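Excluded from the calculations below are hydrogen atoms, water molecules and symmetry mates; all remaining heavy atoms, backbone and side chain alike, are included. All figures in this text were calculated on a predicted structure; none of them were measured in a lab.
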Amino acid sequence: MSPAAASDTIRITLPDGTVKEFAGATTAFQVAEGIGSRLAQAAVGAKIDGELTDLHAPIERDCQLAIVTEKTRDGEPDPDALMLVRHSAAHVMAEAIQRVVPGAQLVYGPPLETGFYYDIAFPEDRPLREGDFEAIEAEMAKIVKEDRRFTRYEMPAAEGLKKLAAEGSKYKIDNAERAIAASGSEAVQLSWYATGEPGKNWEDLCRGPHVPNTGRIGAVKIMSLASSYWHGDETSDRLTRVYGTAFFKKKDLDEYLDRLEQAKARDHRVLGKQLRLFHIDEAVGQGLVLWTPNGSIVRKELQDFIGAELRRQGYTDVFCPHIGKLGLYKTSGHFPYYAESQFVPVMEREFLKGLADDGCSCSDLSNMLESGEIDGYLLKPMNCPHHIKIFDSQPHSYRDMPVRLSEFGTVYRWEQSGELNGMMRVRSFTVDDAHLFCRDDQVGEEVQGCLSLVKIAFETLGLNDFRVRVGLRDPDSSKYVGSSEVWEKAEAACRDAARTLGVKVSEEPGEAAFYGPKIDFVVRDVLGREWQLGTVQVDYNLPERFDLSYTGSDNKPHRPVMIHRAPFGSMERFVGFLIEHFAGAFPTWLSPEQVRVLPISEKTNDYAAETLRALRDAGVRATLDDGNERVQAKIKRAAEEKIPYMAVVGPRDAEAGNVSVRAGRAEGPRRDAAGGVCRRRAARARRPHRVGRGRERDGGDVVVRPRGGVHHR
RNA sequence: GCCGCUGUAGCUCAGUGGUAGAGCGCACCCUUGGUAAGGGUGAGGUCGUGGGUUCAAAUCCCACCAGCGGCUCCA
């Protein structure tokens, strides 16, 4: 960039449409000053033609300019401003770390949605530990207090590379080379940011932009340490990733930390334990979920719900064993290509004995496993091969199609130990699976049907915060089976179907299954991590591999197309997600316990038992808390256990044949004749309802009277 | 699998070289109370597992196991 000639007039258009003219180069800061000193004070950066830049960056051409301040006009923190403060905080942290740990080499330190990180290579004899955080934060506080200006300077690529070579940082040289390659020109300038004066203060090769000075970083905290790999490549250098977050105000940081605490309270692992929904036991094994009675109710209700939809759509149930011969998975392509993410095969005694007699060593065995020349049974990693064999067990006419086989099929995958996570990532899970075998001309309609199933499920449960991902082939990978023609056909089918959903769809190369492209429904957990739930996958490949066929109207064999689909994905992950979605307070039809009967004292225990019987006869999941406690304590416990309804019964209720119904998550008592409430509520509790309509809390079948009025009849 | 952190009563956590603690929950007793905790008494722990250092280890060191955060992977 060359400075504009002094005579050039620069026209700057502000967001409100006003145009400011300047004789020669200016900066966003000067523009802000021209508008008002308060704006200039609040300014932390600028957006020039939509691109975030430094506040003091020279403006040398006509442009659209927006001044970036801490908060947007409606008082919300400005995401661009947060990016600036976090990127700047990353620099300050890096400087502090290099003070505390001499020899630490910087690699890469970008801002994130919720903070920032810096990847750093520490000397082998001096790794970073959490115990260092305090010292680093103290150094950071000093740098912030010094209020040093972020100063950008540039130099030509060749000169910059020389400078980096002299400094001896292979990571920064690599960054520079990548920047040069990305720009596609050797003529590009490399930029540095000094935290203060170039040549005197700490500096870092960096594209920017930053806040004007370190004093703008109001609150910063180092959050955690993690291991990472250079370029994300696990065979490359192992780096230490230091996570932190920063805000302009201490209050914003405190609020953020507070929100994190609250998020932890609704973490499915925390609630799962509190509400006794599931259990993972060391003695059983890592990543193996035990469904306790409460969680089993939630799961069973969901299965019944989806099962009813499946019958409506013409699916038929099948059941299959959990293992299958290796040959089956060689045909499908699961083995040996995905051997490292499967449990090792179960081998027949005779086969093992034969190997031993042949003098097979452990390393021979290992090699045979690796190459796939092994006989035995595999714990199934997917249900499709079994279902394919069911389809193939008899001839099919084009008139039979589509064939829709469904099964809650349990599969087993050897996930890396560091990946396991509560119910979200496990080693054994049950897919609400089905495989559709259809004609070419039916693919579109069948995919639509599958998508509508996902929509019904998501709408019923009030899940509306999700994104749709179309997973496509990674053109550079060889892990996929099938020819590119069939892939293109399948990818087009997925694209077209996803478009009809009417929600935002992102296409992601490399996210396809190995046998075909897919449409995934992706949600975030309470900690912001993404998980794939429902999925619909079009597959032209497995029918080919298994040589499936049906007889067409021309009396010739034709190849069916397969669709794999699972509206929930896996029962484990889906219920784990639902626990967080509802914060443990399930809608009544899913609640493990729907009504708890609470006698006022032991004097009404008999009437309470009668009430319990009436509820249970009506099909309501109810229990009785006849403990020797005051009803207040019983209510508190029931509320903590997130039970939707409490039936409080005392002498007055017993005399009148009433119960006092209390909605556990709403306020105040409600009453009605016991039988009426029980029967109607039971009928509703048995079938799913859409949540969010408030029908369950103030439904018309409960007579609500003023609290003062209920004592008199 | 990798790096860091964590592991003490059923749960949540305190204790950091010298005889294991609290609250909740549980059991029993008193209390029989009308909408988010009535009172008392008591039981309950090889301090994740295995080694080592020490007169002495829950505490220090090593290895392993498991959990958490992230990375990598993800059919």
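Across G33(B), C5(B), C68(B), the shortest atom-to-atom separation from the side chain of R269(A) is found for C68(B). When distances are taken from the side chain of L527(A) to each of C5(B), G38(B), G69(B), the shortest belongs to G69(B). Listed nucleotides: G34(B), A36(B), G1(B). Nearest to the side chain of I600(A): G34(B). Listed nucleotides C71(B), G33(B), G4(B) differ in distance to L225(A); the shortest reach to its side chain belongs to G4(B). Here G33(B) is the nucleotide among G69(B), G33(B), A36(B) with the atom lying nearest to any side-chain atom of R630(A). Distance from the side chain of E602(A) is smallest to G33(B) among G70(B), G1(B), G33(B). Comparing G67(B), U32(B), U35(B) by their nearest atom to the side chain of V648(A) picks out U35(B).
Separation of the W291(A) and F278(A) ring centroids does not fall under the 6.0 Å cut-off. For F514(A) and Y480(A), the ring centers sit 6.0 Å or farther from each other. In this structure, F437(A) has its ring center no closer than 6.0 Å to that of H387(A). Aromatic rings from F577(A) and H268(A) are positioned such that their centres are separated by 6.0 Å or more.
The phosphate of G70(B) has OP1 or OP2 within less than 4.0 Å of a side-chain N or O from R529(A). Contact check, R129(A) against C3(B): no side-chain N or O comes under 4.0 Å of OP1 or OP2.
Within the nucleic acid shown, N421(A) comes within 4.0 Å of sugar-phosphate atoms alone, with no base atom in reach, counting heavy atoms only. Residue contacts for S227(A): at a heavy-atom cut-off of 4.0 Å it reaches a base atom on one of the strands shown. When heavy atoms are screened at a 4.0 angstrom cut-off, I280(A) is found touching no nucleic acid atom at all. As judged by a 4.0 angstrom heavy-atom cut-off over every strand, S417(A) is placed among the base-contacting residues. G510(A) comes within contact range of no nucleotide atom at all, as no heavy-atom separation falls under 4.0 Å. L239(A) comes within 4.0 angstrom of nothing in the nucleic acid, heavy atoms only. Heavy atoms of Q286(A) sit under 4.0 angstrom from primed sugar atoms or phosphate atoms, though from no base atom. In this structure, G418(A) reaches the bases: a heavy-atom distance under 4.0 Å links it to at least one base atom across the strands shown. Counting any heavy atom pair closer than 4.0 Å across all strands shown, Q632(A) reaches sugar-phosphate atoms only and no base atom. Among the protein residues, K634(A) comes within range of no part of the nucleic acid, since none of its heavy atoms lies under 4.0 Å from any strand.
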List the steps and the verdict of side-chain hydrogen bond (donor to acceptor under 3.5 Å, both in side chains) for R467(A) and S506(A).
CA-CA 8 Å; R467(A) 69 185 186 92; S506(A) 65; 3.0 Å; yes
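In textbook terms, a nucleotide whose glycosidic angle is within 90° of 0 is syn, while U31(B), being further out, is anti.
Residue side chain S660(A) reaches the base of G34(B) through a donor-acceptor N/O pair under 3.5 Å, judged by distance alone. Contact of R425(A) with C74(B) (side chain to base): a donor-acceptor pair of N or O atoms is detected under 3.5 Å. Between the side chain of Y243(A) and the base of G4(B) there is no donor-acceptor pair of N/O atoms closer than 3.5 Å.
To the nearest 0.5 angstrom, Q532(A) atom CD is 8.5 Å from E511(A) atom CD.
The interatomic distance linking Q416(A) (CD) with C2(B) (P) rounds to 10 Å, in whole Å.
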